[in-house]
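Below is one structure, written out as structure tokens; the observations come after it.
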Amino acid sequence: MQQGLMDRMLNSIERVGNRLPDPVTLFIILIAILLLTSAAAAFFGLSAQNPMTGQTITAVNLLSGDQIRRLLVEMPQIFASFPPLATVLLAMLGVGIAERSGLIGTALSTFVRRIPASFLTPALLFAGIMSSLAADAGYVILIPLGGLLFLSAGRNPIVGIAATFAAVSAGFSANLLLTPMDALMSGITQDVAQIITPGYTVSIAANYYLMAALVVVFVAVGTAVTHFIIEPRFGHYTPPEGVTHVEQADQENSPRGLRWAAWTGLVFLIIVAALTIPNNAVLRAEDGSLEPFFKSLVSILFFGFLSTGLAYGIGVGTIRNDRDAVAMAGKSMSDMGLYIVLAFIAAHFIALFNWSNLGALLSISAASGLQTIGLTGVALAICLILLVGFINLFIGSASAKWALLAPTFVPMMILLGYSPELTQAIYRIGDAYSNIITPLMPYFPMVLVFTQRYAPNIGIGGVVAMMIPYSIAFGVASTAMLMLWMVLDIPLGPDVLMYVH
């Protein structure tokens, strides 16, 4: 009965969502609404004080002459500088060669034959969660591979995309290792904490114990949601007539192609290691850190897929000359045409939303309103998580939101007796679970395009509907885990206390 209720709810959401206009048209409508809203907000003089800088933030009228001129002048730059655009196209260029040469299809089929079927979903979820080590690379690389992996296993590729998308997003609040996000969050938290407590330091491992524990929770919960809700809902996948999603070479030549690709991959890894490991290596910063390496991961993945894909194609005969390779690259880019159109309009909506200051005003007002309620303990933590999740529907950048919310949240919690590290943990949990259900998330258009490769008629409503169970389950599970941590007063990280004394 409960399963039927869930199906009816998700089907209703999907029907309503899919009745909306084409995603491109929908973003155009949203831009029109945003323009009018900004004009009204500016007319009524809406403003708020940034708690970090003390400066007054006012609503900006996007229909003013200055803003129209700014839009027309900066339009090419807005499109070209849209963060996911170059990343997605570069990565998919390499992945396209590897896919069309047959390497990905053969490698995934080999992998599926060797891994127990019951381990496939948790293994994919674990890889997605851990991908936050490479910042946004998981969105670009793992999500399409998740679909292909499920397809190779005879399962619905849309389910593979959904599970991977959920895991990659969850990974920004869970990992077995410290990530760039830990450094970013702790830096902001420390700066704000020192306003109330001069000299206070926040370790990069401030939330490590909780984040590591959440990996196990997310893998278990994500596996359950995939098997018991998402997979039964989508059922067996039948590809459109005449369409083959996974390229595979003939079985006779596949072993040779895999050997060639393996040796090429080994040489490539040796080159990357030589550029990274030595103290004065090319991919090390002057202070010895690996920041250049992490920033180069998308480029490294591009060359890795490109080189092994070419080696495999030459080995099995799917690439006989340079024209074959160039043709494969061209076809992989042609598949991204819809994404480029979506990225163009989404980039301008996000830019205009940021120019209007409406997101900042919403965040500051919501945080200030919560401060006046007077809640404490678990109830306060839950309210903060829900508030951050709601704001996350409008502002995608984790660092931008934390820069706005931390000056209110951290001092408020310190005065109530809670440590800055706990406040940061509350924020990170609230920031993660709603990423996958907002079309304003920068990588959402890319996920929609990948899903439409297998279900051309699916729209924004369909993608949101398939991600809602993950969002609810991850939100409830991570909140419950934090409540357990608070009730039992478990350290959040090495030498990190839950409360200030």
Side-chain angles (χ1 to χ4, degrees), residues 3 91 95 98-99 102-134 137-171 174-177 214-239 244-249 251 254-255 258 261-262 265 301 304-305 308 312 436 446-447 450-451 453-455 458 463 466-471 473-474 477:
Q3 178 65 43
V95 171
E99 180 181 355
L103 171 61
I104 289 180
T106 304
L108 291 180
S109 297
T110 303
F111 173 76
V112 167
R113 287 196 297 269
R114 294 183 178 180
I115 187 174
S118 58
F119 287 173
L120 180 58
T121 301
L124 182 60
L125 287 163
F126 178 76
I129 292 170
M130 294 299 294
S131 71
S132 62
L133 286 168
Y139 285 110
V140 182
I141 301 296
L142 279 183
I143 291 176
L145 289 185
L148 291 173
L149 186 60
F150 266 51
L151 187 64
S152 298
R155 298 167 66 180
N156 197 312
I158 298 175
V159 178
I161 288 175
T164 312
F165 184 25
V168 171
S169 293
N175 208 292
L176 295 179
L177 301 172
L214 283 175
V215 173
V216 179
V217 173
F218 285 148
V219 169
V221 171
T223 300
V225 171
T226 301
H227 286 174
F228 298 113
I229 298 178
I230 305 301
E231 202 150 26
R233 183 166 181 267
F234 282 92
H236 178 72
Y237 174 71
T238 302
T244 302
H245 293 294
V246 181
E247 303 287 345
Q248 287 183 259
Q251 294 298 319
S254 291
L258 288 175
L301 289 170
F305 278 107
T308 53
Y312 180 88
I436 53 180
M446 181 197 71
V447 175
F450 287 149
T451 307
R453 293 180 63 182
Y454 305 102
I458 198 169
V463 175
M466 77 178 182
M467 300 312 301
I468 282 178
Y470 289 107
S471 180
F474 283 178

Checklist line | Mutual orientation of the aromatic rings belonging to Phe474 and Phe218 [parallel < 30°, tilted 30-60°, perpendicular > 60°] | finding: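 Geometry flag for Phe218 against Phe474: tilted rings.
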Check: Under 3.5 Å, is there a donor-acceptor pair linking the side chains of Tyr139 and Ser131?
Finding: no
Checklist line | Worked check of side-chain contact (heavy atoms from CB on, under 4.5 Å) between Met466 and Phe234 | finding: CA-CA 9 Å; Met466 77 178 182; Phe234 282 92; 3.7 Å; yes
Check: Looking at residues at least two apart in the chain, or sitting in another chain, which of them share a ring-ring contact (aromatic ring centres under 6.0 Å, His included) with Tyr470?
Finding: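 Tyr470 satisfies ring-ring contact (aromatic ring centres under 6.0 Å, His included) with no other residue.
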Which pair of non-hydrogen atoms, one from [X] and one from [Y], has the smallest distance, and what is that distance?
X	Y	result
Ala166	Ile436	CA-CG2, 4.1 Å
Ala174	Leu214	CB-CB, 3.8 Å
Leu103	Ala261	CD1-CB, 3.9 Å
Ile161	Gly147	CG1-CA, 3.8 Å
Leu124	Gly160	CD2-O, 4.0 Å

To the nearest 0.5 Å, what is the distance between [atom1] on [X] and [atom2] on [Y]?
X	Y	atom1	atom2	value
Thr226	Leu125	OG1	CG	5.5 Å
Thr164	Ile141	OG1	CD1	12.5 Å
Leu149	Ile115	CG	CD1	7.5 Å
Glu231	His236	CD	NE2	11.5 Å
Ile158	Ile458	CD1	CD1	5.5 Å
Ile143	Thr451	CD1	OG1	8.5 Å

Next item on the list: Kindly say whether Met467 contributes a backbone atom to a donor-acceptor pair with the side chain of Ser471 at under 3.5 angstrom?
Entry: no
Checklist line | Residue pair Phe165, Leu142: steps toward the side-chain contact (heavy atoms from CB on, under 4.5 Å) verdict | finding: CA-CA 8 Å; Phe165 184 25; Leu142 279 183; over 6 Å; no
Note to self: What I'd like to find out is whether the side chain of Leu176 reaches to under 4.5 Å of the side chain of Phe126, using heavy atoms alone.
What the structure shows: yes
Item checked: Verdict with supporting geometry, Asn156 and Tyr454, side-chain contact (heavy atoms from CB on, under 4.5 Å) -> CA-CA 9 Å; Asn156 197 312; Tyr454 305 102; 5.8 Å; no
Notebook entry, point to check: Do Thr308 and Tyr312 pass the side-chain contact (heavy atoms from CB on, under 4.5 Å) test, and can you show the C-alpha distance, the side-chain angles, and the key distance before you say yes or no?
Noted result: CA-CA 6 Å; Thr308 53; Tyr312 180 88; over 6 Å; no
